[in-house]
Amino acid sequence: MIDKTLDNRIPRRLELAAALTLLALGFALRLAGLGTLPFGLNQDEASAGYDAWAILTSGMDRCGNRLPVLLESWGSGQNALLSYLALPFIAVLGLSALSIRLPMALAGCAALAVFWRYARRTRGPAFGLTALLFLAVCPWSILASRWALESNLLPPLLMAGVFFTARAREKPWSLLTAAVCYGLSPYAYGTAFFFLPPFLLFAVLWLGKRLRPAPFCVSLAVFSALVLPISLCQLRNALGLPAAAFLGFTLPALTEGRQLATSVLGGGGPAAAWVNLRTLGRILLTQSDGMIYNSLGLRNGGVIWCFGLPLAALGLWKSLSSLRRAPLEAPMLAAFCIAAASAALIDGNINRLNMLWLPLCYFAALGLYVLFGLLKKWSALPIAGLLVCLVLFLAAYRGQLGGAGNANYFPGLGQCIAYVEAREPGAAYITDYVNQPYIFALFYTETPAEDFVDSVDYVNPDGAFRQVRSFGHWRFGSAEDAAGDYLILNAAEAGGRAALVQYGDYVVCPGSG
């Protein structure tokens, strides 16, 4: 049964035109200028991109693991799904910021379409368009779609799983597609292991008699087959077992499990859980975690705008009071509750808590839908306000992440590395002002993975975040210790050194040889 808060008798042609317009807007916000905005490259992007290139060209990651189900990365691991999805883009476009960001941006675009279809199914065409509008311009969704942080693949996968779970009430074989989404989600981000057990139990109970034996058994088998390798990998690391091969894939041994560092599994018990919930509350109220790649701050849009949280509260009230009239909303309500409860287990920031934001966007959109019903002919006012807020957000985004001075993406570093590499130095040096500078040297020079494995010298080989002292002709460390034919330094630490060239925030200086 469709909710009647607004008149849903929208002509199909008009609805389709509006949906296509909003999708076009949402796609443009996620894809336009993707290779240069943000300007530069973050170390996690460079890591995921280089390992994808290494697997494509040699079959192994930079740590020598052949077809790993989890990237060993810095030592404590990095989720592998994004790197595998990037393989065809890198094969066609080469290794670049664009090729590694495209899978994430396209996942953000796909989430828009699925979000719209789900909202339309729960409460009708008018709400579908309202939800699509809200998510299309949502700051969190735009930011998350435009940089290649591999963990941000989790929300689109869970959104698709929720949609196909709801669809399975009428089309039982939709459960198979949901099972694929759920089975892939732990490869996107390990926090899926907190979310999946209670949500899948809910889904089975909610579908109840509508489950059909054949779709259920096939879906269960597919889900189990998909999730088994990553589950074995995580279990082996929890038990401190060495790396192993499984069906042609590698289950790598990490220097430290990330779950220990980012969740209550690392210790702390109820006190840690309470601290984590307080962190969630602070993030919800301030809509920031202090990291510019996750949020530009409350004044510049935050996560879901300053008015998003009151709208979400209104939407949750509406959902709870009218769930019988919108029964397909139950999976989204369950996803929201489970994601919020899971936050107690996670040492939170915005990207670690990312499973929460799409459900929160859904209920904020529902609150906006209720507001439209109250305003009636004045509904254009909040739409106009939302578009004004979007323009202000885009101006802030371009200003803060679109050029030099953007410390998190190291603008100009890649051009400096290319400049030095073209001169075939005997030794070149990159300052540790850069976070994990070696990964940028690997990325921009496309050093074969075998050469890195053979020549790498780690400062702390057993550390959770291993630092590289050198590989090949590249050296890394503090500016005070810089030595080599060429030195790549941040302009702020170059001091009185002569600069051969400057790109963005970085300069190339002649060394002492």
Side-chain angles (χ1 to χ4, degrees), residues 42-56 60-63 65 67-87 89-90 100-108 111 144-145 147-161 180-196 226-238 243 246 249-263 265 293-294 339 342 345-357 436 439 464-466:
N42 179 270
Q43 71 275 1
D44 287 322
E45 295 181 298
S47 177
Y50 177 78
D51 275 341
W53 179 85
I55 291 169
L56 179 67
M60 68 181 188
D61 68 6
R62 68 181 184 266
C63 300
N65 302 301
L67 299 179
V69 301
L70 180 69
L71 300 174
E72 189 174 343
S73 186
W74 316 116
S76 52
Q78 188 173 17
N79 309 287
L81 183 59
L82 176 67
S83 294
Y84 283 104
L85 292 178
L87 294 180
F89 299 101
I90 293 173
I100 188 58
R101 287 174 180 169
L102 263 175
M104 188 68 69
L106 293 174
S145 298
W147 74 300
L149 181 66
E150 86 291 348
S151 61
N152 281 335
L153 278 176
L154 180 61
L157 282 171
L158 294 182
M159 180 66 244
V180 172
C181 296
Y182 296 138
L184 291 175
S185 61
Y187 297 91
Y189 197 25
T191 57
F193 283 112
F194 296 142
F195 180 90
L196 289 175
L226 285 172
V227 82
L228 179 61
I230 188 64
S231 300
L232 289 175
C233 182
Q234 298 286 16
L235 179 60
R236 292 181 66 86
N237 275 284
F246 181 77
F249 294 90
T250 298
L251 312 181
L254 307 179
T255 56
E256 178 184 298
R258 289 297 291 146
Q259 282 77 11
L260 297 181
T262 61
S263 74
L265 297 179
Y293 42 73
N294 281 330
S342 297
L345 306 176
I346 302 168
D347 180 9
N349 59 35
I350 289 172
N351 56 271
R352 290 178 186 170
L353 299 170
N354 58 21
M355 68 177 78
L356 178 63
W357 308 126
Q436 298 288 2
I439 195 61
F465 291 92
R466 292 185 298 215

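Residues Ser47 and Glu150 have side chains not in contact (no heavy-atom distance under 4.5 Å, counting atoms from C-beta outward). Between Leu81 and Leu157, the closest side-chain pair of non-hydrogen atoms falls below 4.5 Å. Side-chain contact check for Thr191 versus Ser342: every heavy-atom pair is 4.5 Å or farther apart. Between Leu70 and Leu254 there is a side-chain heavy-atom pair separated by less than 4.5 Å. Within the 4.5 Å cutoff, the side chain of Ile100 has no heavy atoms near those of the Trp53 side chain. Taking the side chain as every heavy atom from C-beta outward, Tyr189 and Met355 never approach each other to under 4.5 Å. Using a 4.5 Å heavy-atom cutoff, the side chains of Tyr187 and Pro229 are in contact. Residues Ile230 and Phe193 form a side-chain contact, since some pair of their non-hydrogen atoms from C-beta on lies under 4.5 Å apart.
Ala144 and Met104 get closest at one heavy-atom pair: O-CG, 3.3 Å. Shown here for Pro186 and Leu196, the closest heavy-atom pair between the two residues is CG-CD1, 3.9 Å. Contact detail for Cys233 and Val69: the closest heavy-atom pair is CB-CG2, 3.8 Å. The heavy-atom pair separating Ser73 from Arg466 by the smallest distance is O-NH2, 3.7 Å. Residue Pro156 comes nearest to Ala111 through the heavy atom pair CB-CB, 4.1 Å, listed as atom of the first residue, atom of the second, then distance. Shortest non-hydrogen contact noted between Phe249 and Leu67 is CD2-O, 3.2 Å.
Of the possible donor and acceptor atoms, none in the side chain of Asn42 sits under 3.5 Å from a partner among the backbone N and O of Ala148. Looking only at distances, a side-chain donor or acceptor of Gln78 sits under 3.5 Å from a matching main-chain atom of Asp44. Counting only distance, with no hydrogens or angles, the side chain of Asn354 and the backbone of Ser151 share a donor-acceptor pair below 3.5 Å. Formation of a donor-acceptor pair under 3.5 Å by the Tyr182 side chain with backbone atoms of Gly161 is found in this model. Asp51 places a side-chain N or O within donor-acceptor distance of the main-chain N or O of Arg62, the cut-off being under 3.5 Å. The closest donor-acceptor contact from the side chain of Ser83 to the backbone of Ala48 lies under 3.5 Å. Between the side chain of Tyr84 and the backbone N or O of Ile55 there is no donor-acceptor pair closer than 3.5 Å.
For the atom pair Leu82 CG and Leu153 CG, the distance stands at 5.0 Å (nearest 0.5 Å). To the nearest 0.5 Å, atom CD of residue Glu45 and atom CG of residue Leu149 are 8.0 Å apart. The CG atom of Leu158 lies 11.5 Å from the CG atom of Leu356; values are rounded to the nearest 0.5 Å. Rounded to the nearest 0.5 angstrom, Asn65 CG and Thr250 OG1 are separated by 5.5 Å. Ser185 contributes atom OG, which lies 8.5 Å from atom CZ of Phe195 (distance to the nearest 0.5 angstrom). Atoms CG and OG1, from Asn237 and Thr255 in turn, are 9.0 Å apart once rounded to the nearest 0.5 Å.
Residues passing the side chain to side chain contact (heavy atoms under 4.5 Å, CB included) test with Ala105, sequence neighbours excluded: Leu31, Leu34.
Cation-pi geometry between Arg352 and Trp357 is not met at under 6.0 angstrom from the ring centre and within 45 degrees of the axis.
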